[in-house]
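Take a look at the structure below.
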Amino acid sequence: QVQLVESGGGLVQAGDSLRLSCAASGLTVRTYNMGWFRQTPGKEREFVAAIRRSGSGGTTTYEDSVKGRFTVSRDNAKNTVYLQMNSLKPEDTAVYYCAAGSQAASAVTLDRMYYYWGQGTQVTVSS
């Protein structure tokens, strides 16, 4: 049984940092594309960042608004994916989800291409 468990969310002030973790069981993160998405009430889920599986080079992709502030990484020994979020802004407030998929490397930004999802962790950034 595959499980993705996010943690690390919380309430912070603008300019602060948070590191989200996504601990996986039932799958090996290095063999999957691992994505981070976020969603706010009344809005569609939005792509944030992804790290491709090792077979696709392990490269990363970011949504434009988080480039230079967020970093996605993977610890194969811990079977965990991280999202380091720096210089947080109020508009980063959302529930953040991690996801795993085996889609083509070019499709990592598409939420419909991911097979497995975590339960989400709330990030709230106050101004």
Side-chain angles (χ1 to χ4, degrees):
Q1 181 181 0
V2 173
Q3 278 194 316
L4 301 176
V5 180
E6 302 98 333
S7 61
L11 171 62
V12 297
Q13 293 186 333
D16 286 350
S17 298
L18 278 175
R19 188 178 77 159
L20 305 184
S21 300
C22 174
S25 58
L27 62 80
T28 303
V29 296
R30 64 177 173 82
T31 67
Y32 281 79
N33 299 318
M34 299 299 297
W36 286 96
F37 291 79
R38 63 188 180 187
Q39 190 170 25
T40 55
K43 293 188 177 181
E44 292 188 354
R45 192 159 48 193
E46 172 188 39
F47 170 76
V48 176
I51 183 166
R52 293 174 181 81
R53 51 188 168 182
S54 296
S56 297
T59 54
T60 57
T61 295
Y62 298 92
E63 192 270 329
D64 285 346
S65 69
V66 308
K67 284 180 181 176
R69 300 189 298 123
F70 290 12
T71 303
V72 58
S73 62
R74 180 176 58 215
D75 185 328
N76 294 333
K78 295 183 178 180
N79 210 33
T80 297
V81 176
Y82 301 99
L83 184 67
Q84 177 67 44
M85 306 186 295
N86 298 329
S87 302
L88 282 162
K89 303 176 181 180
E91 50 263 43
D92 294 319
T93 295
V95 177
Y96 283 72
Y97 299 90
C98 72
S102 297
Q103 70 272 50
S106 60
V108 296
T109 64
L110 304 177
D111 60 352
R112 66 180 184 273
M113 302 300 288
Y114 287 85
Y115 303 152
Y116 305 108
W117 291 84
Q119 82 290 348
T121 186
Q122 176 71 47
V123 172
T124 302
V125 184
S126 64
S127 58

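Source: prediction; values computed, not measured.
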Is there a side-chain contact between Ser102 and Tyr32 (heavy atoms, below 4.5 Å)?
yes
Please determine whether residues Val5 and Val2 belong to a single hydrophobic cluster, defined as Ile, Leu, Val, Met, Phe, Trp and Tyr linked transitively by side-chain heavy-atom distances below 4.5 Å.
no
Any side-chain to backbone donor/acceptor pair from Asn79 onto Val29? Under 3.5 Å, distance only.
yes
Taking side-chain contact (heavy atoms from CB on, under 4.5 Å) as the definition, give me every residue that meets it alongside Ala104, ordered by chain and number, with sequence neighbours left out.
Ser106
Are Trp36 and Leu88 co-members of a hydrophobic cluster defined by side-chain heavy atoms under 4.5 Å apart?
yes
Spatial distance of atom CZ (Arg45) from atom CG (Asp111) [nearest 0.5 Å]
4.5 Å
For Lys78, does its backbone N or O pair with a side-chain atom of Thr80 as donor and acceptor, under 3.5 Å?
yes
Mind listing the closest non-hydrogen atom pair of Ser126 and Pro90 along with its distance?
C-CG, 4.5 Å
Parallel, tilted or perpendicular for Phe37 and Tyr114, by the 30°/60° rule?
perpendicular
Atom CG of Asn76 and atom OG1 of Thr28: how far apart are they, to the nearest 0.5 Å?
9.0 Å
Ser56: partners by side-chain contact (heavy atoms from CB on, under 4.5 Å), with sequence neighbours left out
Arg52, Arg53, Ala105
Enter the distance from Thr40:OG1 to Glu91:CD here, rounded to the nearest 0.5 Å.
11.5 Å
Are any of the side-chain heavy atoms of Thr61 and Phe47 separated by less than 4.5 Å?
yes
Report the relative orientation of the aromatic rings in Phe70 and Tyr96; use parallel for angles under 30°, tilted for 30 to 60°, perpendicular for over 60°.
tilted
So, does Thr60 use its side chain to make a donor-acceptor pair with the main chain of Ile51 at under 3.5 Å?
no
Indicate, with yes or no, if Tyr115 and Trp117 share a hydrophobic cluster defined by side-chain heavy-atom contacts under 4.5 Å among Ile, Leu, Val, Met, Phe, Trp and Tyr.
no
Do you know the tightest heavy-atom contact between Thr121 and Gly9?
OG1-N, 3.2 Å
Got a sec, which residues hit side chain to side chain donor-acceptor pair (under 3.5 Å) with Thr124, two or more places apart in sequence or on another chain?
Gln122
Is a donor on one side and an acceptor on the other found under 3.5 Å between the side chain of Glu6 and the backbone of Cys98?
yes
Of Asp92, Asp64, Asp16, the residue whose pairing with Arg69 passes salt bridge (Lys or Arg N to Asp or Glu O under 4.0 Å):
Asp92
To the nearest 0.5 Å, what is the distance between OH on Tyr116 and CD on Gln1?
10.5 Å
Rounded to the nearest 0.5 Å, what's the gap from OG on Ser127 to NZ on Lys89? Could you check?
13.5 Å
Flag yes if Leu20 and Tyr82 sit in one hydrophobic cluster, no otherwise; membership is Ile, Leu, Val, Met, Phe, Trp, Tyr, and two members link when side-chain heavy atoms are under 4.5 Å apart.
no
Check whether any side-chain heavy atom of Leu4 sits under 4.5 Å from a side-chain heavy atom of Met34, and report yes or no.
yes
Joint hydrophobic cluster, Tyr97 plus Leu18, side-chain heavy atoms closer than 4.5 Å:
no
Side chains of Met85 and Val123: does their closest heavy-atom pair fall under 4.5 Å?
yes
I'd like to check Arg38 versus Leu83 (side-chain heavy atoms, cut-off strictly below 4.5 Å). Are they in contact?
no
Would you indicate whether the side-chain heavy atoms of Val72 and Tyr62 approach each other to under 4.5 Å?
yes
What I'd like to find out is whether the side chain of Asn33 reaches to under 4.5 Å of the side chain of Gln103, using heavy atoms alone.
yes
